[in-house]
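Small disclaimer: the values here were computed from a predicted structure and weren't measured.
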Amino acid sequence: MTDFDESGRAAPAATGGIAARAMAARGTRTPDYLAGLNPEQRAAVEATEGPVLVLAGAGTGKTRVLTTRIAHILNLGLAFPSQILAVTFTNKAAREMKNRVGLLVGGAVEGMPWLGTFHSIGVKILRRHAELVGLKSNFTILDTDDQIRLIKQLIQAENLDDKRWPARTFANMMDGWKNKGLTPKDIPEGDARAFANGKGRELYAAYQARLMALNACDFGDLLMHPIALFRAHPDVLAEYHRRFKYILVDEYQDTNVAQYLWLRLLAQRPKQRDDASGKIGQSQALMSAKGSDAGVSYATVNLCCVGDDDQSIYGWRGAEVDNILRFDKDFPGATVIRLERNYRSTAHILGAASHLIAHNEDRLGKTLFTDAANPEDPKVEVNAGWDSEEEARAIGEAIEDLQRRENHNLNDMAILVRASFQMREFEDRFVTMGLNYRVIGGPRFYERMEVRDALAYFRCVCQPADDLAFDRIVNTPKRGLGDATIRLVHDYARARAVPLIAAAGEMAETEELKPKPRATLRRVVSDFRRWSELLATVKHTELAEQILEESGYTEMWQNDRSAEAPGRLENLKELVRSMEQYESLPSFLEHVALVMDTEQNAEMDAVSIMTLHSAKGLEFETVFLPGWEEGLFPHQRSLDEGGRSGLEEERRLAYVGLTRGKRRVKIWFVSNRRIHGLWQSTIPSRFLDELPEAHVEVMEANTSYGGYGGYGASRWDGASAFKEAAYTTPGWRRAQAANAGFTNTGKSGRGGDGWSGGRSREINYGEGGTARAGRGHNQPPRQGFGLYSSASKGGPREIEGELVAKSVIPDASRFAEGDRVFHLKFGNGTVANIEGNKLTVDFDKAGQKRVLEGFVEPV
DNA sequence: GCCAACCCAATTTTT
DNA sequence: TTGGGTTGGC
């Protein structure tokens with residue numbers, strides 16, 4: 001492309017090192033790394049010049065193409081590693097890409113400073129030019145929590161009712177604006193009016209002003225500021241134009257408008273140097289811009305976007321499928337390459353998924369295929385159940401069965417749910433069964449209260465102007481500094497335009513406060529001062545411990561007798577431990593907001609339970625898809641709020657779910673589900689009707705569970721026998737009937753007939769049943785989140801590696817009857833009985849439970 | 001200033 | 001049913 005030569009002058013060949021090696025490799029025969037690619041993949045790798053869109057269906061080797069492409073560019077010596085911009089959405093994806101490129105090109109990845117998430121690259125750019133947007137380069141990055149607290153303050157400062165106008169709502173609105181790349185002056189009048197009696201715009205502006213004063217950014221700003229920077233400073237933009245010779249984008253279907261604008265500024269360059277880049281200003285103009293506007297013609301640098309419109313499932317958080325649908329209009333002359341050859345799933349799974357997704361209208365259209373069709377492959381199963389308890393039980397049994405018959409690893413199985421409340425039922429059931437599971441998702445490590453508190457302490461020490469952090473912990477642990485005192489400090493600080501901590505320091509010397517709070521405040525301030533001084537001399541991990549210790553924060557949790565406290569202390573330890581790899585407290589803090597997530601515990605063999613959203617990008621031998629019922633999936637809210645496009649996004653979610661399975665997919669729906677504590681009858685999801693019968697087997701309801709050995713091989717073999725009967729099986733009919741009227745003929749599966757006859761929609765199971773297990777307890781054991789699970793790390797690991805129900809080794813237990821134990825979910829208790837690795841424990845608060853040994857700790 | 005009794009709402013989630 | 005957040009009493 002033309003302007004490429006104009007700006008890119010540093011020829012890689014000029015220097016030694018990697019590039020030299022790459023140069024040397026040039027001209028040899030087909031490099032190894034290309035050999036294993038299919039023709040389409042290879043085309044995508046080799047089309048290095050100009051705009052390229054790779055439509056990569058599920059399981060078609062998307063990441064491979066991306067990484068090989070980078071390797072190819074380096075290998076041909078087309079660019080230095082530092083001249084390639086490669087963006088992903090998540091840190092995980094960035095990490096994986098880095099690893100995989102590393103495998104291909106060796107140490108050269110280390111020289112790829114511009115491989116990262118949109119946000120981390122945004123930070124990098126911003127730190128270099130912070131002063132141009134009014135920040136200092138050591139700005140703080142606020143997360144959602146900080147953001148909300150800040151907004152709340154602003155709302156209150158405006159004398160608005162913060163209940164009528166919740167900060168969270170406004171944070172979401174603002175998020176939406178920032179996702180669209182809108183500054184306060186850009187937001188539509190209607191939006192501005194929608195909040196706080198028309199004060200939306202003012203609030204947004206006030207919020208931004210406040211962030212500037214705090215020298216802080218929120219996540220949205222990490223995109224917004226660079227966009228503003230590029231627009232206002234064409235020279236800076238030109239510098240990046242010169243730098244980036246190749247741009248690669250992963251998961252393009254998930255980009256929002258701001259990310260699109262950002263990319264476009266970087267990718268699209270004026271053909272003539274006429275400072276027109278400054279004019280690429282107004283987002284609206286840009287949105288509709290073709291290859292040229294306002295008399296300036298643009299050329300696109302070598303931009304390669306990879307994505308799959310059928311897997312766009314983040315519309316609700318601002319992703320614009322339209323970006324990918326419009327690619328060839330945005331970037332004229334784009335090469336579009338489709339990857340449709342699937343290497344993951346069976347023909348049945350692909351058939352089912354393709355047929356389903358074909359019901360969507362807004363799509364570019366691709367059809368996955370595989371060469372590896374095998375008559376032995378099981379069809380996609382549809383199972384009916386009575387209620388969600390039965391669903392959990394039956395899936396649990398199916399899992400055990402696969403394990404027993406096929407030596408199936410638990411690690412290769414996953415249960416993918418639509419909404420996280422569905423997880424609990426499975427957790428309860430699996431705890432009872434003694435089946436290892438791991439929950440993926442949920443609150444992240446750095447979002448945990450104790451971690452955030454600790455970080456707030458560190459922030460105060462490193463950045464004494466960090467008012468939000470100070471605010472957070474000034475009275476944590478409780479020191480007797482209540483609202484009244486804090487408000488005085490705030491007023492004082494505002495009046496003199498000094499940070500809170502400075503204000504507190506000064507006030508501690510005046511008569512404005514009562515003696516008690518004054519003394520406390522003085523103590524707090526001097527603590528921070530002291531810690532700040534130690535920053536230079538004491539090793540940061542030690543200082544961190546010292547801070548947590550001396551502030552009384554650790555003690556606070558030690559004195560807390562709730563079941564979560566030990567886990568929290570463990571998390572604090574882990575936090576300090578994770579600081580090791582950073583040089584100092586400030587450098588740790590710099591990384592923490594963006595990059596910190598903890599690796600899950602992969603050693604244990606366990607079934608994964610997660611939402612469909614978090615399953616994107618993963619694959620499993622066997623996938624269970626429970627809860628295919630109208631209202632839940634598709635979710636009622638998507639339907640209500642999103643209309644047809646909402647439904648289409650739900651359908652894509654179903655598509656994502658199906659395509660996670662490599663060999664087996666087992667779908668479930670039930671007739672009764674408890675929602676918000678009430679039993680409601682439900683009808684099967686419309687998506688079930690959208691599956692092609694040829695690839696689906698509807699299971700006989702009564703045989704897929706029942707507790708006596710389950711279904712035999714004949715069920716699989718005799719699949720054709722059921723073909724005609726599809727959708728007319730008892731389970732199906734029963735479910736339909738349950739919807740229409742009320743049939744009590746269904747086997748309840750739990751021996752109870754706890755609901756009476758005909759009209760009530762509520763079915764209340766009074767007593768009995770197994771679901772008691774988890775009731776009344778808030779935090780299920782979230783195995784796999786590093787830190788929570790570490791609470792059970794003390795015990796022998798191997799125990800968790802097998803299905804405990806089968807491994808009855810009476811003497812193997814670390815416990816004896818009468819031992820006191822602690823369980824993350826149930827708290828403290830006494831061992832009443834031991835059966836292999838399963839313990840029966842009388843919990844002090846939760847009553848008697850059967851639990852896995854691996855889940856409890858000796859006290 | 002702190003704690004316990006109410007009230008309300010209730011997908012999906014990354015950075 | 002659950003959890004978070006607010007209110008009102010001590």
Side-chain angles (χ1 to χ4, degrees), chain A residues 87-94 116-123 141-145 147-148 152 161-163 166-169 172 175 178-179 217-223 251 254-256 258-259 313-319 416-425 440-444 446-447 449 475 478-486 514 516-517 520 591-597 610-617 627 631-642 646 649-650 652-653 656-657 673-679 762 764-765 771 774-780:
Chain A
V87 272
T88 63
F89 275 84
T90 63
N91 289 305
K92 191 174 159 219
T117 62
F118 277 99
H119 296 266
S120 66
I121 288 170
V123 174
I141 300 160
L142 302 186
D143 61 25
T144 319
D145 219 71
Q147 205 184 342
I148 287 172
K152 196 161 186 174
D161 181 0
D162 63 334
K163 255 168 301 182
R168 182 169 293 279
T169 308
N172 288 334
D175 220 48
K178 291 188 177 186
N179 283 156
C217 276
D218 63 20
F219 286 123
D221 289 342
L222 298 180
L223 289 166
E251 305 279 17
D254 287 338
T255 48
N256 58 36
Q259 284 155 339
I313 54 175
Y314 286 108
W316 51 274
R317 106 187 162 194
L416 310 182
V417 298
R418 176 62 182 78
S420 47
F421 76 84
Q422 292 172 264
M423 294 178 177
R424 167 180 304 227
E425 206 111 35
I440 316 267
R444 267 152 187 43
Y446 63 84
E447 283 166 359
M449 187 210 309
N475 197 33
K478 299 262 185 298
R479 303 189 167 94
L481 296 170
D483 283 349
T485 312
I486 303 303
K514 296 211 179 80
K516 211 172 193 177
T520 315
H591 287 265
V592 86
L594 285 178
V595 203
M596 190 149 163
D597 50 1
M610 67 186 95
T611 63
L612 287 160
H613 282 92
S614 36
K616 192 167 76 143
L632 177 58
F633 192 36
H635 200 281
Q636 194 57 45
R637 246 177 110 162
S638 299
L639 264 27
D640 293 346
E641 291 167 18
E649 184 154 311
E650 294 284 301
R652 291 193 289 267
L653 205 46
V656 166
R673 191 170 290 278
R674 192 170 48 194
I675 296 166
H676 309 325
L678 297 177
W679 285 95
E762 303 174 14
N764 208 340
Y765 289 117
R775 272 191 202 153
H777 298 279
N778 306 336
Q779 290 293 112

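- Atoms CZ (A/Arg168) and C1' (C/dG4) sit 10 Å apart, rounded to a whole Å.
- Closest non-hydrogen pair, A/Gly116 versus A/Ala94, comes out as CA-CB, 4.0 Å.
- Here B/dT12 presents its P atom at 12 Å from OH of A/Tyr314, a figure rounded to the nearest Å.
- Contacts of A/Gln147 with the nucleic acid, taken as non-hydrogen atoms under 4.0 Å apart, are absent.
- Checked against B/dT13, B/dT14, B/dG1, the side chain of A/Ser614 finds its nearest nucleotide in B/dT13.
- Among the nucleotides C/dT2, C/dT6, B/dT12, the one closest to the side chain of A/Lys152 is C/dT6.
- When the nucleotides B/dT15, B/dC2, B/dT13 are ranked by their closest atom to the side chain of A/Trp316, B/dT13 comes out on top.
- Of the two residues near DNA chain B, A/Arg637 and A/Gly480, the one whose nearest nucleotide lies more 5' is A/Gly480.
- Going from atom CD1 of A/Ile141 over to atom C1' of B/dT14 covers 14 Å, rounded to whole Å.
- Looking at heavy-atom distances under 4.0 Å, A/Asp483 makes contact with sugar-phosphate atoms alone, never a base.
- Checked against B/dG1, B/dT15, B/dC2, the side chain of A/Thr117 finds its nearest nucleotide in B/dT15.
- Each of A/Gln636 and A/Arg479 was assigned the nucleotide of DNA chain B with the nearest heavy atom; the assignment lying further toward the 5' end belongs to A/Arg479.
- Within the 4.0 angstrom heavy-atom criterion, base atoms lie near A/Glu447.
- Note on A/Thr485: only backbone sugar-phosphate atoms sit closer than 4.0 angstrom, heavy atoms only; bases stay farther off.
- Regarding contacts with the backbone of B/dT15, a side-chain N or O of A/Asn91 is found under 4.0 angstrom from either OP1 or OP2.
- Taking every heavy atom of both residues into account, A/Pro517 and A/Leu481 meet most closely at O-CD2, 3.8 Å.
- Between A/Ile313 and A/Glu649 the shortest heavy-atom distance is O-OE2, 3.0 Å.
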Under the ring pair (Phe, Tyr, Trp, His ring centres under 6.0 Å) rule, what do A/His613 and A/Trp316 come out as? Steps first, then yes or no, please. CA-CA 12 Å; A/His613 282 92; A/Trp316 51 274; 5.6 Å; yes
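- Summarising the geometry, the separation between CG on A/Leu653 and C1' on B/dT13 is reported as 12 Å, rounded to the nearest angstrom.
- Side-chain contact between A/Thr255 and A/Phe118 is present, with at least one heavy-atom pair separated by less than 4.5 Å.
- Across all strands, A/Asp143 comes closer than 4.0 Å to no nucleic acid atom at all (heavy-atom distances).
- Remark: A/Asn475 is in phosphate contact with B/dC2, judged by side-chain N or O atoms under 4.0 Å from OP1 or OP2.
- With B/dT15, B/dT12, B/dG1 as the choices, the nucleotide that has an atom nearest any side-chain atom of A/Ala484 turns out to be B/dG1.
- Of all heavy-atom pairs spanning A/Arg317 and A/Asn179, the tightest one is O-OD1, 3.1 Å.
- With centroids closer than 5.5 Å and planes inclined by less than 30 degrees as the test, A/His676 and the base of B/dA9 fail to qualify as a stacked pair.
- Going from atom CE of A/Met610 over to atom P of B/dT14 covers 12 Å, rounded to whole Å.
- C/dT2 atom P lies 18 Å from atom CE of A/Met423, rounded to whole Å.
- When distances run from any side-chain atom of A/Thr611 to the nucleotides B/dC2, B/dG1, B/dT13, the shortest one goes to B/dT13.
- Counting to the nearest Å, the C1' atom of B/dA10 and the CD1 atom of A/Ile675 are 11 Å from each other.
- Residue A/Thr144 places no side-chain N or O under 4.0 Å from the OP1 or OP2 atom of B/dT15.
- Atom-to-atom, CZ of A/Arg418 to P of B/dA10 comes out at 15 Å; the value is rounded to the nearest Å.
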